[in-house]
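Comments concern the structure below.
First listed ligand is number 1; within each ligand, the first listed atom is number 1.
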Amino acid sequence: MIATTNGTPVSISALGCHVPDRVVTNDDLAELVETSDEWIQERTGIRERRFARDDEALSDLVLPAARAALDRAGVRARDLDLVIVATVTPDMVFPSTAAIVADQLGASEAGAYDLSAGCTGFMYAIAQASGMIGAGLSRTALVVGADVLSKIVDMTDRSTCVLFGDGAGAAVIEPADAAGFLGFELGADGAGGVDLNLPAGGSRLPSSAETVAGGLHYVQMNGRQVFKFATRVLVSSAEALLERTGLAIEDVDVYVPHQANVRIIDHAVARLGIPKEKVVVNVDRYGNTSSASIPLALAEAVADGRVHEGDTVLMTGMGAGLTWASALLRWTATP
Ligand SMILES: CC(C)(COP(=O)(O)OP(=O)(O)OC[C@H]1O[C@@H](n2cnc3c(N)ncnc32)[C@H](O)[C@@H]1OP(=O)(O)O)[C@@H](O)C(=O)NCCC(=O)NCCS
């Protein structure tokens with residue numbers, strides 16, 4: 001799906017983030033599996049990540065992020081009419097984490113649901129919220145990208161456990177005076193789903209002693225295939241959206257790619273031809289936080305004064321599904 005927005009301008013009016021306190025360094029992981037700080041930094045660019053405590057669930061990360069975004073936007077929870085939590089690690093299969101969070105925030109007038117699109121979840125969710133607001137179905141939406149992948153990664157599997165981290169990024173999305181979201185490109189290739197999945201615990205393979213013994217309740221990944229997919233779609237999705245919106249790569253002021261791996265980002269940056277100073281990178285400090293990665297990186301860029309009113313922001317996510325999505329946003333928020 002590729003579309004430019006029309007009608008009511010819609011934008012992000014504020015962002016809020018939260019990461020767990022516990023910092024896990026590469027050296028910490030080298031005590032669990034046969035790896036090294038040098039290998040992880042060279043192959044991924046990651047230096048450290050945050051892991052939730054045993055008693056911390058997704059909603060415990062989402063709530064502070066959501067409250068920070070609402071405070072900054074000057075929006076009361078009861079004025080929200082839509083809450084979307086994009087995640088693959090909800091508190092439990094149901095009820096949705098969005099419903100749990102809406103209740104705890106006091107968002108009593110909001111429809112609330114979780115959205116599953118792997119690491120692309122936040123991007124799909126902002127497209128939905130933008131479309132619903134533009135169509136008059138919603139006025140004030142809270143969109144959260146959040147994951148606690150440390151809970152579903154096998155800490156004895158060195159090919160996955162070094163890559164991921166936990167976090168939450170929230171955005172208040174509302175009608176804007178002008179500009180805001182310019183367009184979206186969303187895609188999915190279900191045939192590639194086998195390259196990044198969590199086989200057990202669904203209706204295909206309900207959890208059992210056997211699935212647990214086989215480690216099928218953990219993330220399974222074909223790293224090389226996912227690497228190839230990621231480098232391809234980061235470029236093709238951005239280029240397709242730029243063409244559709246009539247913009248050139250030179251018009252992009254800030255580029256926020258999914259924070260999976262510095263090598264994947266470097267590859268996309270080189271192919272797209274974006275100057276490095278326009279690229280937001282924080283994967284070194286958080287690892288791949290899945291659905292939280294783009295809002296965390298965007299919020300950090302805003303806090304650092306790197307995003308100014310009127311700037312054109314390009315965001316592209318990709319992940320399990322396999323899925324991908326890009327958005328172009330003319331920045332209107334005054335944080
Ligand atoms: C996972 C990834 C970092 C591996 O890097 P790579 O350069 O492709 O490495 P390879 O898979 O070719 O593995 C090379 C060797 O390193 C080993 N290795 C894997 N993880 C290791 C680790 N943490 N420490 C040390 N060695 C490791 C492998 O076992 C392999 O050894 P072998 O050649 O003896 O079999 C890379 O494929 C990647 O980033 N893929 C994308 C993953 C991703 O982003 N997923 C989420 C998308 S949202």
Side-chain angles (χ1 to χ4, degrees), residues 24-49 51 86-89 115-125 145-167 169 186-190 192-198 218-237 256-269 281-284 286-297 315-326:
V24 177
T25 64
N26 294 342
D27 286 337
D28 292 334
L29 292 176
E31 288 177 18
L32 300 177
V33 290
E34 204 181 318
T35 189
S36 65
D37 177 46
E38 192 191 358
W39 191 96
I40 300 171
Q41 288 215 41
E42 191 188 304
R43 301 292 180 112
T44 72
I46 299 167
R47 286 191 287 118
E48 60 188 40
R49 72 287 291 142
F51 281 177
T87 189
V88 292
T89 47
L115 184 155
S116 170
C119 299
T120 318
F122 179 78
M123 300 300 297
Y124 269 48
D147 269 304
V148 278
L149 287 190
S150 67
K151 307 268 184 177
I152 58 164
V153 163
D154 181 354
M155 289 297 161
T156 65
D157 174 8
R158 68 178 183 175
S159 67
T160 52
C161 76
V162 302
L163 302 177
F164 300 106
D166 303 338
L186 273 60
D189 169 18
V194 289
D195 291 328
L196 183 54
N197 67 2
L198 192 151
Y218 290 131
V219 171
Q220 321 279 315
M221 187 181 72
N222 181 338
R224 284 180 205 181
Q225 283 304 112
V226 174
F227 192 96
K228 277 191 221 159
F229 156 78
T231 47
R232 180 167 48 81
V233 296
L234 274 187
V235 177
S236 59
S237 177
V256 188
H258 175 43
Q259 307 287 309
N261 180 325
V262 151
R263 283 162 58 217
I264 294 174
I265 295 173
D266 284 349
H267 185 276
V269 165
V281 178
N282 66 4
V283 68
D284 52 322
Y286 299 110
N288 178 350
T289 56
S290 185
S291 236
S293 119
I294 287 183
L296 277 180
M315 301 175 261
T316 303
M318 79 283 164
L322 299 169
T323 55
W324 66 89
S326 291

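Counting heavy atoms closer than 4.0 Å to ligand 1, residue Phe227 contributes atoms from both its backbone and its side chain. Residue contacts with ligand 1 for Val33 are absent, since no atom lies close enough (heavy atoms, distance under 4.0 Å). Residue-level proximity to ligand 1 for His258 is carried by the side chain, the only part with a heavy atom below 4.0 angstrom.
Under a 4.0 Å criterion applied to the non-hydrogen atoms of Cys119, ligand 1 contributes the atoms 48 (S). Listed by number with element, the atoms of ligand 1 under 4.0 Å from a non-hydrogen atom of Arg263 are 5 (O), 7 (O).
Without hydrogens or angle criteria, Thr316 side chain to Pro257 main chain gives no donor-acceptor distance under 3.5 Å. Between the side chain of Ser150 and the main chain of Phe51, no donor-acceptor pair closer than 3.5 Å is present. When atom types are taken as modelled, the side chain of Thr231 and the backbone of Lys228 share a donor-acceptor pair closer than 3.5 angstrom. Without hydrogens or angle criteria, Arg47 side chain to Asp284 main chain gives no donor-acceptor distance under 3.5 Å.
A heavy-atom distance below 4.5 Å is found between the side chains of Val219 and Leu196. Between Leu29 and Val24, the closest side-chain pair of non-hydrogen atoms falls below 4.5 Å. When side chains are defined from C-beta on, Asn222 does not count as touching Val194, because their heavy atoms never get closer than 4.5 Å. The side-chain heavy atoms of Asp157 and Tyr218, taken from C-beta on, include no pair separated by under 4.5 Å.
Distance screen at 4.0 Å: atom 20 (N) of ligand 1 has a protein heavy-atom neighbour inside the cut-off. For atom 6 (P) of ligand 1, the nearest protein heavy atom lies under 4.0 Å away. Atom 15 (C) of ligand 1 lies below 4.0 Å from none of the non-hydrogen atoms of the protein. Distances from atom 32 (P) of ligand 1 to the protein include no heavy-atom value under 4.0 Å.
Of the inter-residue distances, the one linking Asn26 atom CG with Ile40 atom CD1 reads 4.0 Å to the nearest 0.5 angstrom.
For Ser290, the side-chain hydrogen bond (donor to acceptor under 3.5 Å, both in side chains) test picks out Asp147, with sequence neighbours left out.
An N or O contact shorter than 3.5 Å links Asn261 to ligand 1 by distance.
Summary of contacts: the protein heavy atom closest to atom 4 (C) of ligand 1 is Trp39 CH2, 4.0 Å. Protein heavy atom at the shortest distance from atom 46 (C) of ligand 1 is Asn288 ND2, 3.5 Å. Closest to atom 28 (C) of ligand 1, if we only count protein heavy atoms, is Arg158 NH2, 3.9 Å. Given atom 40 (N) of ligand 1, the protein heavy atom at minimum distance is Gly223 O, 3.0 Å. For atom 8 (O) of ligand 1, the closest non-hydrogen atom of the protein is Arg224 CG, 3.9 Å. Annotation: atom 47 (C) of ligand 1 to nearest protein heavy atom, Val226 CG1, 3.6 Å. Given atom 24 (N) of ligand 1, the protein heavy atom at minimum distance is Thr35 OG1, 2.6 Å.
At least one heavy atom of Ser159 sits closer than 4.0 Å to an atom of ligand 1.
Closest of all the heavy-atom pairs between Ile294 and Met123 is CD1-SD, 3.7 Å.
Nearest to atom 9 (O) of ligand 1 by heavy-atom distance, out of Met221, Glu38, Arg43, is Arg43.
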